[in-house]
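A quick write-up on the structure given underneath.
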Amino acid sequence: MPQPALMKRVQFSHSPIPYLFVLPQILIIGVFFLWPSLEAFRLSFFLEDPWGLSNQFVWFENYITIFEDPDYQSVFGSTVVFSVVVTFLSIGIALLLAVKVDGLLRFSMQYRPLLTWAYAVAPAVAGLVARFLYSPQIGPLYDWLNAGTDGWFEPRLDPMDAWLVLISGSVWKQISVNFIFILAGLQAIPRTVLEAALLDNPNGGRRFLSITLPLLAPTLFFLLVINISYAVFETFGVIDTVYPFGPPAGAETLVYKVYVDGFKGADLGGSSAQSVILMVIVLALTMIQFKYIEKRVHYT
Amino acid sequence: MFKQLMSVATILAATTAYAGGHSAATEITLWHAMGGQLGEITNELANRFNASQSDYKLTPVYKGGYEDTMTAGIAAFRAKQQPHVIQIFDAGAATIINAKGAVLPVEDLLNQYGVGFDANNYIAGVRNFYADNAGTMVGMPFNSSTPVLYYNKEAFTKAGLTLPPATWEDFETRVAPALKKAGYVALAQSHTPWIFSENFHSRHNLQMATANNGFGGLNAEILYNNPAMQTHFQKLVDWQKEGFYKYYGRAWGDNQAPFAAGEVAMWLGSSGSFGGLKQAAKFEFGTTYLPYWAAITNEPTGTFIGGAALFAMSGHDKKAYEGVAKFFEFLTNPEIQFYWHRETGYVPITNASYELAKSSGYYKENPDAEVGIQQLNLPVGDWSKGYQLGFYVQVREVMYGEYDKLFSGQQDVKTTFANIEKGGNELLRRFEKTYQ
């Protein structure tokens, strides 16, 4: 019976080298993610003075304070809307651009770098660009949007106008990342399948919906996960650079609130509890995505 | 390649030798929030201090804005890597003063390691602000400013005016209508919590918080929801509709820029903004006291001192504290104070330095530079000495948010102050629990 012996050998004599390869990654995750997360989790049950001189265990009081705060509820609501809009627009516009560029016979090579260069832009830089474009003093977009009106567009005061600035800045930065992935996904679709489909149905829209889109689904699913976490977390950089003094009331996101309470206000327990809530939400979202949406994704 | 390596090695060796050569001096670090031109002047102060003696070497490190600096200090303290001296701003004062064991009060420091401490050497406005509830001065006022009114003299001439408004009544009936007719927005203002809330109380000698404006204990409650504030803000909303007042959002610069550009004729800002405005504005402007309501008081009091103070952090050795004491003494030197005052626009904090500035004839040439300190030296009332409230940075955030909603027409004055009272007091209770 050589088979069980072989299995045993395979099971128990792994070379340690693969572990060595993943060790740096695990260390990085441990030091920069797991440890701070656990610390945030611990702190969220304490009222602790920022200097660490005294603390007291308060059970769920920090969480109760947050959930009873009407301000938190409204920030929660606007964060959800903001994230959905940013995710939808960044993927949607990137998809449109990628499909158009993929269909080009000429100049496709020229368009690609033009549409991807913004990939190298950090959220903070995207924020700076938005800040200049919409600046009341020097921003052309501020002037155009206000042209012929009596101060209709006022992003320093009106939360809806502020959202417009923040959404456009965040989306602009993210489109190119999505564009690269979607374009690569489109090019991985076998030409033979597309040509076969062309014989069956000359309607471009219909072919896109029933052939291209399903074949692109793994890429889009991946982007959905990435973009939601971008919209929830990374857009902080955009907000903080567009509004170094803070956005007008009604235009904050949950992450920005964590920053204000924790970093500006030195309320460690409260902001830790807020970050734990955020972590749980993103964890739940990712799990839902994998459980329900991924089932409908077909990998080729 | 070899050559490059060699030159790097030479530089390294040279630096090590250089550092080694100075190892006799005790190193003192100062973390501060003075950026740009202010940072250069702070470095110059350090250079002068280092040149004045050879036992200590002070290294100033810029840590970003006020909040960033405080956060960096907190993180460093928790990791037991704190600097010797840290600059903490007015709104963060309660956070550090109430943390028993985080700092060595400046009064104790100077008594123990320096030439002693006498509160009477300091101008009235700064004596109380950075003191604890026992009256011990904890922070060493560093960059001290106070809100003042700037007015565009060209705009005033165009509108047929000469004198700026002393009272808000005067503003409403005489100044604002004339300026509006001349095509100007009469007024803008850069810090609604600081100028129109905290200093509004100080100027009118109104109590701002229970428990002696917060100095009496952690159980203080804010009293912003009062008739005087409601009336003032109702007026502001009315003036906004009239075109007398314009709110450009919560950012400091967004409100200052239209004044510098000549769209707004008067601007309420910091006495420390003088130097910057002088460069930015292409017109002649004057400075005067923060206006008051004659309907509320006929004896207006001085304003609170704003800005920031230096705190000696605990956990260092005797030698280092002697150096810190030396540095604080150096800072109160009249010549140095006058230099700092002249270059930055921040007010001098000792009587001797104010006298020096006066006798030097500086104010004859620059009468506007004296307005801030004169206003701080106005009669002191029971409620104009200062305030000390916990989590006040976040209380200000609540106020910013509610004022945004008020001036963008989302809610009325009554709701605004009810929300500020509720939100502010919740934060104060939280602070009380945290620090008890």
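Chain letters run A, B, ... following the sequence lines, proteins first, then strands; residues in each count from 1.
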Worked verdict on B/Arg430 versus A/Asp267 for side-chain contact (heavy atoms from CB on, under 4.5 Å): CA-CA 9 Å; B/Arg430 214 176 141 66; A/Asp267 175 7; 2.9 Å; yes

Residues, nucleotides or ligands: over 12 heavy atoms within 6.0 Å of [X] [atom1]:
{"X": "A/Met279", "atom1": "CE", "result": "yes"}
{"X": "A/Phe76", "atom1": "CZ", "result": "no"}
{"X": "A/Phe32", "atom1": "CZ", "result": "no"}
{"X": "B/Lys100", "atom1": "NZ", "result": "yes"}
{"X": "A/Phe132", "atom1": "CZ", "result": "no"}
{"X": "B/Phe283", "atom1": "CZ", "result": "yes"}

Do you know which of [options] has the most heavy-atom pairs with chain A at a distance under 4.5 angstrom?
{"options": "B/Glu67, B/Arg78, B/Met70, B/Gln410", "result": "B/Arg78"}
{"options": "B/Phe431, B/Tyr247, B/Phe407", "result": "B/Tyr247"}
{"options": "B/Val398, B/Asn98, B/Val393", "result": "B/Val393"}
{"options": "B/Asp68, B/Ile74, B/Thr95", "result": "B/Ile74"}

Backbone of A/Phe263 reached by a side-chain donor or acceptor of B/Thr71 within 3.5 Å: yes

Main chain of B/Lys433, side chain of A/Gln56: is a donor-acceptor contact present, judged purely on distance under 3.5 Å? yes

Considering only heavy atoms, which portion of [X] lies under 4.5 Å from any heavy atom of chain B: side chain, backbone, both, or neither?
{"X": "A/Glu48", "result": "both"}
{"X": "A/Asp158", "result": "neither"}
{"X": "A/Glu154", "result": "neither"}
{"X": "A/Pro155", "result": "neither"}
{"X": "A/Pro248", "result": "both"}

Shortest non-hydrogen contact from [X] to [Y]?
{"X": "B/Arg250", "Y": "A/Ala249", "answer": "NH2-N, 3.5 Å"}
{"X": "A/Pro50", "Y": "B/Tyr435", "answer": "CD-OH, 3.2 Å"}
{"X": "B/Ala257", "Y": "A/Gln137", "answer": "CB-NE2, 3.5 Å"}

Is B/Tyr392 close to chain A through its backbone or its side chain, or both, or neither, when contacts mean heavy atoms under 4.5 Å?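 Contact with chain A involves no heavy atom of B/Tyr392 at all.
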
Measure B/Ile96 against the heavy atoms of chain A and call it side chain, backbone, both or neither at under 4.5 Å.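 When you check distances to chain A, atoms from both the backbone and side chain of B/Ile96 fall under 4.5 Å.
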
Distance check, rounded to the nearest 0.5 Å: [X] atom [atom1] versus [Y] atom [atom2]?
{"X": "A/Asp49", "Y": "B/Thr434", "atom1": "CG", "atom2": "OG1", "answer": "8.0 Å"}
{"X": "A/Asp261", "Y": "B/Gln394", "atom1": "CG", "atom2": "CD", "answer": "4.5 Å"}
{"X": "B/Ser408", "Y": "A/Leu157", "atom1": "OG", "atom2": "CG", "answer": "5.0 Å"}
{"X": "B/Ser314", "Y": "A/Trp51", "atom1": "OG", "atom2": "CH2", "answer": "9.0 Å"}

Any non-hydrogen side-chain atom of B/Trp252 less than 4.5 Å from a side-chain atom of A/Pro244? no

Note, A/Lys257 side chain near B/Glu397 side chain (heavy atom, < 4.5 Å): no

Here's a test for you: under side chain to side chain contact (heavy atoms under 4.5 Å, CB included), which of B/Asn255, B/Asp254, B/Asp404 qualifies with A/Arg156? B/Asp254

As an exercise: rank A/Asn62, A/Asp71, A/Thr65, A/Asp69 by heavy-atom pairs under 4.5 Å with chain B and give me the winner.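 It is A/Asn62.
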
